[in-house]
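All values below come from the heavy atoms of this structure, side chains included, with hydrogens, waters and symmetry mates left out. Note that the numbering runs from 1 along the sequence shown for the chain.
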Amino acid sequence: MHASWHRSVVGAVAAALVVLAVSAPSQAGIDPNPTPNPDPDPVSQSQGATDSGGTATADSGGCHLVSTPQSLGSYCPGGESDTASIKAIMGKEKFKKCWDDPMSAEDQALTGYYDAPDEVPPRWGYWERCLMGIDDDLTVHPPIYLRQTAEYIYDQSKIRRIGDNERKLLVFTNHTIPYPVAVVSPTTSPRVNQWLSFFDGQPAKDVDGVTEHQVTVTALGQTLVAKEEKIVVRPRGTNDDDSISCPGSGHKAVAGETPVAGGNCWYRYPRSSAGQPDDKYPVRITAYWTVYLNGARFNSFQKSTTANIPVTEIQAINVS
């Protein structure tokens, strides 16, 4: 995984893998029922996040290895030791479950949540990060994991900062399974009849020529590995029959690249998105994950999101 997607903790032996854009943007420092704001540009804004699949557990020395559609990890029944450790770390300080972190330029390009300080209203792209599995009274309900949501901040005086003690608590987090993000290539401004390759925009790695996401957890002497085996894309939304699939996380095409028969998620839009809600296609992407325990199949699940992508007509130029 790309290093920018991990938050390190001094003295920690593990870091939390975070989730990208799992819902429509939350808004800090403004009316809780705001009027709609302009969409970010370019597209890659994910929403409508859903999971399907079950939970698998395996016993190991009185503790448990756990695989869910949200995370991988381990815990011991009751979580009393974790609760005691967390209370010792927090001391008398009040626990703050969520905080806001500014996005890097790379993350803004991926999500489309760009800083726009000169627009009306001015806004800044941030991550809302929340420690899940810990109650306000510091009681633990395993698994503990870090949830991350893309958001716009409209009032910088209302930004919530992570405390030093909350930062130390990240050592308790399990590894989170990311939601997919539908992205098109080789351009982010697709046009009618142009060949496009869809891929999952989460940072991934190349494994034997196939780009895929992996989440690995080693705990209790065992190894859990979750792999994104394939993606299925509905380019014009779930109400349309068109569907394409490809192995791993898909393929990010470069300019001049042409489709390969039977490979990658290539697609050409036959018509523009004019007349669609907000004049954008509600592209639905579903990632199919398989989890392996010490190399043996252990669990499987799917994770889906929707990205609103505009497709325009090629404009003819009259020369007289």
Side-chain angles (χ1 to χ4, degrees), residues 1-34 37 40 45-46 49 70-71 73 82-141 143-176 178-179 202-203:
M1 285 292 174
H2 195 286
S4 68
W5 294 83
H6 293 76
R7 176 171 294 277
S8 60
V9 184
V10 175
V13 295
L17 181 66
V18 296
V19 184
L20 170 64
V22 297
S23 64
S26 58
Q27 294 142 346
I30 60 173
D31 189 296
N33 298 299
N37 291 290
Q45 178 181 348
S46 294
Q70 292 76 40
S71 64
D82 281 351
T83 298
S85 299
I86 289 172
K87 287 183 177 180
I89 290 172
M90 291 302 300
K92 295 182 179 180
E93 182 179 336
K94 184 178 179 180
F95 173 59
K96 297 186 290 292
K97 179 181 288 289
C98 299
W99 64 93
D100 307 304
D101 280 333
M103 286 188 181
S104 66
E106 179 185 15
D107 292 349
Q108 290 191 9
L110 175 63
T111 63
Y113 282 66
Y114 289 99
D115 291 344
D118 298 325
E119 295 190 9
V120 178
R123 58 188 186 271
W124 293 264
Y126 269 71
W127 291 119
E128 179 189 61
R129 289 178 168 135
C130 298
L131 274 169
M132 310 303 293
I134 306 176
D135 288 346
D136 290 342
D137 64 359
L138 303 182
T139 300
V140 173
H141 299 282
I144 303 171
Y145 62 97
L146 185 65
R147 187 189 71 192
Q148 175 166 289
T149 307
E151 65 176 353
Y152 274 130
I153 294 290
Y154 293 86
D155 183 348
Q156 290 189 308
S157 69
K158 302 295 179 64
I159 292 174
R160 300 163 295 176
R161 306 291 185 184
I162 185 174
D164 291 339
N165 288 337
E166 280 87 4
R167 192 179 301 277
K168 295 175 184 177
L169 295 185
L170 294 179
V171 70
F172 291 93
T173 58
N174 288 287
H175 286 64
T176 304
Y179 283 89
Q202 290 277 9

Exercise for the section: Check R161, K158, R160 against D100 for a side-chain contact (heavy atoms from CB on, under 4.5 Å) and give me the one that passes. Expected result: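 So, applying the side-chain contact (heavy atoms from CB on, under 4.5 Å) to D100 and each of R161, K158, R160, only R160 qualifies.
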Problem - Contact check, side chains of W99 and L131, non-hydrogen atoms, under 4.5 Å - result: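 Contact flag for W99/L131 side chains = yes.
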Which atom of [X] lies closest to which atom of [Y], heavy atoms considered:
X    : Y    : value
Y152 : Y114 : CE2-O, 3.5 Å
F95  : D135 : CD2-O, 3.8 Å
P122 : Y154 : O-CD2, 3.5 Å

Handout entry: Any donor-acceptor N/O pair, K97 side chain to I134 backbone, under 3.5 Å
Key =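 A pair under 3.5 Å: yes.
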Exercise for the section: Report yes or no: does D115 contribute a side-chain atom to a donor-acceptor pair with the main-chain N or O of W124 at less than 3.5 Å? Expected result: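 No, because the side chain of D115 does not come within donor-acceptor range (under 3.5 Å) of the backbone of W124.
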Exercise for the section: Please name all residues satisfying side chain to side chain contact (heavy atoms under 4.5 Å, CB included) with N165, sequence neighbours left out, ordered by chain then number. Expected result: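 In terms of side chain to side chain contact (heavy atoms under 4.5 Å, CB included), with neighbours along the sequence ignored, N165 is linked to I89, M90, E93, K168.
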Find the distance between [atom1] ([X]) and [atom2] ([Y]) and round it off to the nearest 0.5 Å.
X    : Y    : atom1 : atom2 : answer
Q108 : Y126 : CD    : OH    : 9.5 Å
K94  : L138 : NZ    : CG    : 11.5 Å
Q70  : Y179 : CD    : OH    : 5.5 Å
M132 : C98  : CE    : SG    : 7.0 Å

